[in-house]
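One structure is given here, and the rest of the page talks about it.
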Amino acid sequence: MSRLPALRRAAVREWGPLVAAVRRGLAGRGVRALALTACAVALTATVQLTQNQAWGYRPVQNLGAVRAEDPLWLALLRTPLSLFVPALDLPVWGALAQILLVFGLAELCLGRWRTLAVAYLATLAGTLYARIGIALGPEVLLGLPASDAQVVDTGPSAAVVGLAVYVCRQRRARFTGALVVLAMVVEVLVKDNLAGREHLAAVAAVLVVCRVREWRGRGRVQDLGAGGDGTRSGAPPMRSWNFRRGPAQRTSWW
């Protein structure tokens with residue numbers, strides 16, 4: 001029983017900022033704050049139903065299936081829709097559950113447009129890595145066999161992994177984020193395939209972005225501390241004339 005308070009404090013430190021952000025998002029706009037998530041789930045389900053039809057498989061492949069053998073310009077055109085093209089050999093309910101949970105948390109914590117930007121970045125990182133890995137060849141540590149050029153990219157899973165890592169990093173859920181990264185490493189060790197490698201590429205790209213944002217944020221704080229607000233010295237700026245300290249002080253002309 002004595003361990004319960006310690007576990008509770010650890011849980012609050014780990015997930016408290018995340019829970020607070022979710023509550024603020026839902027309190028501010030209600031279910032409208034999850035509009036992107038609802039659209040993502042609906043679009044993924046629709047694409048899955050369509051590509052399992054005899055008439056729908058080819059259109060989905062032409063519009064949203066990305067392979068390393070495709071011309072780069074074509075892959076870039078297909079990448080936005082590829083976020084919502086689930087793998088044919090996996091149960092779609094798993095992809096829908098992941099999108100509902102991770103996209104939902106990201107939309108509430110990051111906002112709609114940043115969620116889309118991070119999801120696209122993660123997917124694009126996996127797509128570009130596949131091309132680089134195939135060019136390096138299987139003899140290199142990060143290389144891939146030429147046969148992977150014909151394998152379809154991961155679909156929504158790279159975006160889900162990237163968003164999970166980004167949200168954990170932003171909300172200081174470090175242990176949870178580390179578990180996500182560890183799970184991706186174990187996935188590659190157990191079953192080394194293109195999807196697992198692309199997940200790691202998505203994680204790496206998101207971590208680089210997080211690191212750059214943190215570095216820029218520290219730079220701005222240091223600039224302000226050194227007088228980066230426009231003053232030549234580190235002393236605080238002069239007070240406005242609007243702030244009257246006594247009857248003898250003049251008011252501002254404005």
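Being a predicted model, the structure only gives us computed values, none of them experimental.
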Exercise. Within the side chain of E198, is there an N or O that forms a donor-acceptor pair under 3.5 Å with the backbone of T154?
Worked result: yes
Problem set entry | Backbone of F175 reached by a side-chain donor or acceptor of E14 within 3.5 Å | yes
Closest contact, heavy atoms only, [X] versus [Y]:
X    : Y    : result
R78  : N62  : NE-O, 2.8 Å
A158 : A122 : O-CB, 3.4 Å
L163 : A106 : CD2-CB, 3.9 Å
V102 : A164 : CG1-N, 3.7 Å

Could I get the full list of side chain to side chain donor-acceptor pair (under 3.5 Å) partners for [X], not counting sequence neighbours?
X    : answer
Q61  : R67
D148 : none
T44  : none

Problem set entry | Under the side chain to side chain contact (heavy atoms under 4.5 Å, CB included) test, residues paired with L49 that sit two or more places apart | none
Just list the side-chain donor-acceptor pairs under 3.5 Å for residues 79-87, sequence neighbours left out, or say none.
unit_1: T79; atom_1: OG1; unit_2: A75; atom_2: O; d: 2.6
unit_1: S82; atom_1: OG; unit_2: T79; atom_2: O; d: 2.6

Using a 4.5 Å cut-off on heavy atoms from C-beta on, say whether the side chain of [Y] contacts that of [X].
X    : Y    : result
L88  : Y57  : yes
Q170 : C109 : yes
Q98  : P156 : no
V152 : V66  : no
F103 : T115 : yes

Problem set entry | Residues that, via side-chain heavy atoms closer than 4.5 angstrom, fall in one hydrophobic cluster with W73 | L74, L77
Seminar exercise, completed: Students should find that the hydrophobic cluster of L36, defined by side-chain heavy atoms under 4.5 Å apart, otherwise consists of W113, L116
I'd like to know if [Y] and [X] are part of one continuous hydrophobic network [Ile/Leu/Val/Met/Phe/Trp/Tyr, side-chain heavy atoms within less than 4.5 Å].
X    : Y    : answer
V92  : V160 : yes
L43  : V41  : no
L124 : L121 : no
W215 : V165 : no
L100 : L96  : yes

Applying salt bridge (charged side-chain N to carboxylate O under 4.0 Å, His left out) as the test, list every pair that has at least one member in [range]; sequence neighbours left out.
range            : answer
residues 160-174 : R169-E214
residues 109-128 : E107-R112
residues 176-189 : none

Would you tabulate the side-chain donor-acceptor contacts of residues 126-145 under 3.5 Å, counting partners in other chains and residues two or more places apart, or write 'none'?
unit_1: T127; atom_1: OG1; unit_2: T123; atom_2: O; d: 3.1
unit_1: T127; atom_1: OG1; unit_2: D153; atom_2: OD2; d: 2.8
unit_1: Y129; atom_1: OH; unit_2: L142; atom_2: O; d: 2.9
unit_1: Y129; atom_1: OH; unit_2: R197; atom_2: NH1; d: 2.9
unit_1: R131; atom_1: NH1; unit_2: A68; atom_2: O; d: 3.3
unit_1: R131; atom_1: NH1; unit_2: D70; atom_2: O; d: 3.0
unit_1: R131; atom_1: NH2; unit_2: D70; atom_2: O; d: 2.5

For this session: Kindly compute the distance separating CG (L105) from CG (L110), expressed to the nearest 0.5 Å.
Result: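 It comes to 9.5 Å.
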Problem set entry | From CG (L18) to CZ (R23), nearest 0.5 Å |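 CZ of R23 is found 11.0 Å from CG of L18.
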Exercise. Does CZ in R29 sit with more than 12 non-hydrogen atoms of other residues, nucleotides or ligands closer than 6.0 Å?
Worked result: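 It does: R29 CZ has more than 12 such atoms within range.
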Side-chain atoms of residues 177-184: list all donor-acceptor pairs with protein atoms under 3.5 Å, sequence neighbours left out, distances to 0.1 Å.
none

